[in-house]
Chemist: 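Could you have a look at this structure, given as structure tokens, before my questions?
Quick note: residue numbers are just sequence positions, from 1.
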Amino acid sequence: MNFFKSIKKYAKLDLNFLASKYLVLQIVGAFFRRWPFIVIFLIPFIAQLIFHCIHDHWYHFVYLTLAAILLISVCNTLTNVFNLKKNENGITWCQIFILIVIGCWIVGTMIIFDVKQHPRLATAIGVGGSMVGWIFQDTIKGVVAFIHLRLNGLLQIDDWIMVPKYEVDGEVRRVTLTTVTLSNWDTTTSSIPISALHGDHFKNLKKMMDGKTYGRQMLQTFIFDTGWIYNLSEEEAEKLKQSADIMSYLPEEEVKAGATNAHLFRIYLFHWLMNHPHVSQQPRLIVRWLEQRECGMPLQVYAFIIDSSLAAFERQQSLIIEHILQMQEAFGLKLYQSPSAYDVSNSNIHLTAKAATYRYGEEL
């Protein structure tokens, strides 16, 4: 017990070595961190010195297996360190080295047991390899996905990704050959197979968050009641011209009798967004009417807000929506809303000999 306590005492040096900025010291610290594996690794060597079993195949096989386990364990420790330090190259090389260790273990096993001299053993290994490949096919897919994603720079630590199939929406915290661990925005943690990012659709929003794109997409649709869409009279056109705030974003020649209020509202909103300090004019800025629906006429706003962080984006988007709601009545428009129980119970509609009109500003 004292022996192991002494080893563990000296093994505390691993924390200082792992925190070092030098790779050599980090590797030494990773070995110290796995001191139980080192002790186990030395057991076959001690047995070889005592029993002189140097020519025993099983001795070499056990020794090779323990060496592979030790190296893989060290690589996993370094991967955790590199994840914390966001050392992308270190993570990639650690995972590739794990593949190399596994490959060397397979080749070393075949050499130790001299597969060429034992056809039956070669057949057994072939069948066993096929079964192992079938059992671990997801792991193999993960290895392929890891190499593809890392070599093409599609996945890094702190990337914000969205995987609709797995309902994942958060930042990447750890990447290995088989799994990706994320911190979701609802403060939960998710772990998904890395092969899912290779075979299924996912979004990486890192460039947008870093301001390397034109901004964050805003796509909002407002459905207007078609009963409030009409052609302006002379008086209504003059009333609009008297509003300096509206005419700042409307060509004067467009405001005339016979012009459709929906047309003027669309032009006004487009020019207002064009001059908005938080809205990008690139790659596209579109304000358009969509196909008529049973519930009304949809107006779609397709723009990119420069403020891409979540809080800033939602604030600017809300301010734009509130402005649209505020200005609709100035153009005589109304959003569509299905009648609620309150509307029905408090309805003041009654039968009358006079025909009802739904024009904005006119008395019934």
Side-chain angles (χ1 to χ4, degrees), residues 162 164-165 167 169 200-203 205 208 213-233 236-237 239-240 243 245-276 278-306 308 313-314 316-344 347 349 355-362:
M162 300 172 62
K165 180 179 179 180
E167 298 181 356
D169 183 6
D200 298 318
H201 167 69
F202 81 98
K203 287 184 179 181
L205 296 88
M208 180 198 70
T213 62
Y214 295 107
R216 189 169 180 178
Q217 177 182 285
M218 171 187 174
L219 185 62
Q220 295 289 336
T221 302
F222 307 85
I223 301 179
F224 288 89
D225 192 332
T226 53
W228 295 81
I229 297 178
Y230 57 86
N231 296 330
L232 270 63
S233 63
E236 291 166 333
K239 184 179 178 180
L240 278 179
S243 175
D245 292 337
I246 293 178
M247 293 309 297
S248 298
Y249 305 104
L250 266 181
E252 188 172 352
E253 62 273 11
E254 293 283 351
V255 185
K256 57 186 177 181
T260 307
N261 62 341
H263 169 71
L264 295 178
F265 182 61
R266 179 182 60 82
I267 294 177
Y268 163 81
L269 191 55
F270 176 77
H271 285 91
W272 181 79
L273 290 171
M274 285 281 288
N275 291 273
H276 197 290
H278 294 275
V279 175
S280 173
Q281 299 181 12
Q282 298 291 335
R284 60 191 63 87
L285 174 57
I286 301 172
V287 180
R288 60 178 179 175
W289 293 100
L290 301 179
E291 184 180 355
Q292 166 71 14
R293 301 177 185 175
E294 293 181 357
C295 54
M297 182 74 75
L299 178 69
Q300 186 182 76
V301 177
Y302 186 7
F304 286 81
I305 296 178
I306 297 173
S308 57
F313 169 80
E314 292 297 343
Q316 294 302 327
Q317 180 174 241
S318 297
L319 290 174
I320 292 172
I321 293 173
E322 289 164 1
H323 181 78
I324 294 173
L325 298 178
Q326 177 187 2
M327 296 304 298
Q328 60 170 333
E329 291 194 6
F331 289 85
L333 293 169
K334 288 285 186 181
L335 288 173
Y336 175 83
Q337 177 177 306
S338 299
S340 64
Y342 177 85
D343 297 326
V344 174
S347 174
I349 299 177
T357 178
Y358 296 96
R359 285 286 303 279
Y360 175 76
E362 293 188 3

Chemist: Side-chain contact, heavy-atom cut-off 4.5 Å: Gln300 with Ile286?
Modeler: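 No - every pair of side-chain heavy atoms lies 4.5 Å or more apart.
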
Chemist: With side chain to side chain contact (heavy atoms under 4.5 Å, CB included) as the test, pick out the partner of Met327 among Asp245, Leu269, Ile246.
Modeler: Ile246

Chemist: Considering only heavy atoms from C-beta outward, does the side chain of Leu273 approach that of Tyr249 to under 4.5 Å?
Modeler: no

Chemist: Going by heavy atoms in the side chains, are Gln282 and Phe304 under 4.5 Å from each other?
Modeler: no

Chemist: Does the side chain of Gln316 come within less than 4.5 Å of His276's, by heavy atoms?
Modeler: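 When only atoms from C-beta onward are counted, Gln316 and His276 do touch, with a gap below 4.5 Å.
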
Chemist: Can you tell if the side chain of Tyr336 reaches within under 4.5 Å of the side chain of Thr226, non-hydrogen atoms only?
Modeler: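 No, their side chains stay 4.5 Å or more apart.
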
Chemist: Measure the acute angle between the ring planes of His323 and Trp272, then classify it against the limits of 30° and 60° as parallel, tilted or perpendicular.
Modeler: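 Correct class here is parallel.
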
Chemist: Counting only heavy atoms not in Glu167, do more than 12 fall under 6.0 Å of its CD?
Modeler: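 For Glu167, atom CD is not crowded (no more than 12 foreign heavy atoms under 6.0 Å).
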
Chemist: Answer yes if the side chains of Gln281 and Tyr214 hold a donor-acceptor pair under 3.5 Å, and no otherwise.
Modeler: no

Chemist: Quick check: do Leu333 and Leu299 have side-chain heavy atoms less than 4.5 Å from each other?
Modeler: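 No; the side chains remain at least 4.5 Å from each other.
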
Chemist: Can you tell me which residue among Arg216, Glu322, Gln220 is in a side-chain hydrogen bond (donor to acceptor under 3.5 Å, both in side chains) with Gln317?
Modeler: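 The single option meeting the side-chain hydrogen bond (donor to acceptor under 3.5 Å, both in side chains) with Gln317 is Gln220.
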
Chemist: For Glu252, does the CD atom have more than 12 heavy-atom neighbours from other residues, nucleotides or ligands under 6.0 Å away?
Modeler: no

Chemist: Going by heavy atoms in the side chains, are Glu291 and Met297 under 4.5 Å from each other?
Modeler: no

